[in-house]
There are 2 protein chains.
Amino acid sequence: MEPIEIFKALSNESRLQILQWLKEPDRHFIPHEGIDMNTTGVCVSQITDKLKMTQSTASQYLTILLKAGLIKAERIGKYTYYKRDENAVEKIADILKKEI
Amino acid sequence: MEPIEIFKALSNESRLQILQWLKEPDRHFIPHEGIDMNTTGVCVSQITDKLKMTQSTASQYLTILLKAGLIKAERIGKYTYYKRDENAVEKIADILKKEI
DNA sequence: TTGACATATCGGAAAATAACGATATAATAA
DNA sequence: TTATTATATCGTTATTTTCCGATATGTCAA
């Protein structure tokens with residue numbers, strides 16, 4: 001929970017976009033392999049497609065969001081599913097409100 | 001109110017520091033020219049001193065916070081006083097909570 | 001008007017970030 | 001086993017950010 005690291009992660013249009021998509025995954029992605037996107041998350045290729053950037057960039061951005069603690073990752077077979085950590089988003093909003 | 005611009009402004013240790021100091025100016029600065037720091041603000045040289053960076057850098061960081069809308073400026077004589085815009089800080093916390 | 005101080009702005013060097021292509025790794029399918 | 005697919009990582013170039021010194025501007029005091 002490093003505020004600076006979190007704000008850096010949020011300082012990029014594409015990463016903000018990803019976070020917003022992951023807020024309501026079924027509004028933004030088509031179902032995949034019978035996975036419940038709300039509980040399990042969305043895989044890298046789906047995000048890559050929507051981002052219209054390379055797989056490399058998408059993967060790196062997801063890692064940045066992950067390290068900032070804003071999303072969680074789960075590997076299932078050859079896919080890695082990422083989903084928002086709602087608690088973390090709440091928490092940083094609270095920190096902003098109380099400590100900054 | 002550009003979220004990205006605001007998050008960029010918050011992505012720097014020194015600028016976060018300034019914002020936090022300005023939350024309780026009289027805890028962090030000595031009174032100056034009989035000015036009420038809470039209503040009027042704190043001048044650039046006081047912030048420069050505490051920051052331990054050059055006047056140039058301090059002034060630029062204040063401009064970045066100003067353009068992001070996080071602080072307000074008032075020129076009185078040869079001094080420019082900066083103070084937090086509490087409303088703006090609240091607002092970005094709300095945006096974070098609701099829209100991101 | 002000149003001098004002294006406070007602040008703003010300009011131009012730059014070094015470090016960090018953005019985004020890519022190429023390649024490595026991991027897991028499944030054939 | 002080998003081929004294929006999904007993801008991660010590496011190395012790179014272009015851009016942005018950090019922070020500085022030098023200088024310009026603005027304001028007051030003598």
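Quick note on labels: first sequence line is chain A, next is B, and so on, each numbered from 1. Since this is a predicted model, take the numbers as computed values, not measurements.
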N/O contacts under 3.5 Å, protein versus nucleotides 13-15 of chain C?
none

Using atom [atom1] of [X] as one end and atom [atom2] of [N] as the other, report the distance to the nearest whole Å.
X       : N      : atom1 : atom2 : value
B:Leu65 : C:dT7  : CG    : P     : 16 Å
A:Lys67 : C:dA16 : NZ    : C1'   : 15 Å
A:Glu33 : D:dT7  : CD    : C1'   : 14 Å
A:Ile64 : C:dA16 : CD1   : C1'   : 11 Å
B:Glu74 : C:dA6  : CD    : C1'   : 16 Å

Can you name the residues that form a side-chain hydrogen bond (donor to acceptor under 3.5 Å, both in side chains) with [X], not counting sequence neighbours?
X       : answer
A:Thr80 : none
A:Ser59 : none
A:Thr57 : A:Thr54

Nearest heavy-atom neighbours spanning [X] and [Y]:
X       : Y       : value
A:Ile64 : A:Ala9  : CG2-CB, 4.0 Å
A:Ser14 : A:Met53 : OG-CE, 3.3 Å
A:Leu22 : A:Phe29 : CD2-CE1, 4.4 Å

ask   = Is A:Tyr81 linked to A:Met37 within one hydrophobic cluster, defined over Ile, Leu, Val, Met, Phe, Trp and Tyr using a side-chain heavy-atom separation of less than 4.5 Å?
value = no
key: Ring geometry between B:Phe7 and A:Phe7 (parallel below 30°, tilted from 30 to 60°, perpendicular above 60°)   = parallel
request  = Could you check whether the rings of B:His32 and B:Tyr79 sit parallel, tilted or perpendicular, using 30° and 60° as the cut-offs?
outcome  = perpendicular
So which of [range] are in contact with DNA chain C, with a heavy-atom cut-off of under 4.0 Å?
range                     : answer
residues 76-83 of chain A : A:Gly77, A:Lys78
residues 13-30 of chain B : none
residues 40-63 of chain B : B:Cys43, B:Val44, B:Ser45, B:Gln55, B:Ser56, B:Ser59, B:Gln60

Salt bridge (Lys or Arg N to Asp or Glu O under 4.0 Å) contacts touching residues 62-83 of chain B (sequence neighbours left out) = none
ask   = What residue pairs, at least two apart or across chains, pass salt bridge (Lys or Arg N to Asp or Glu O under 4.0 Å) with a residue in residues 7-17 of chain B?
value = none
note = Taken to the nearest 0.5 Å, the spacing of A:Leu65 CG from A:Ile71 CD1 works out to 4.5 Å
message = Is there a side-chain contact (heavy atoms from CB on, under 4.5 Å) between A:Leu10 and A:Leu70? Walk through the geometry before answering.
response = CA-CA 9 Å; A:Leu10 297 172; A:Leu70 292 163; 3.9 Å; yes
Residues touching DNA chain D, which here means a heavy atom under 4.0 Å, drawn from residues 3-12 of chain B = B:Lys8, B:Asn12
Name every donor-acceptor pair, under 3.5 Å, that has one atom in a side chain of residues 40-48 of chain B and the other anywhere in the protein, sequence neighbours excluded.
unit_1, atom_1, unit_2, atom_2, d
B:Gln46, OE1, B:Cys43, N, 3.3
B:Gln46, NE2, B:Ile30, O, 2.7
B:Thr48, OG1, B:Val44, O, 2.8

Scan the side chains in residues 88-99 of chain A for donor-acceptor partners under 3.5 Å anywhere in the protein, sequence neighbours excluded, and list what turns up.
unit_1, atom_1, unit_2, atom_2, d
A:Asp94, OD1, B:Lys97, NZ, 2.7
A:Lys97, NZ, B:Asp94, OD1, 2.7

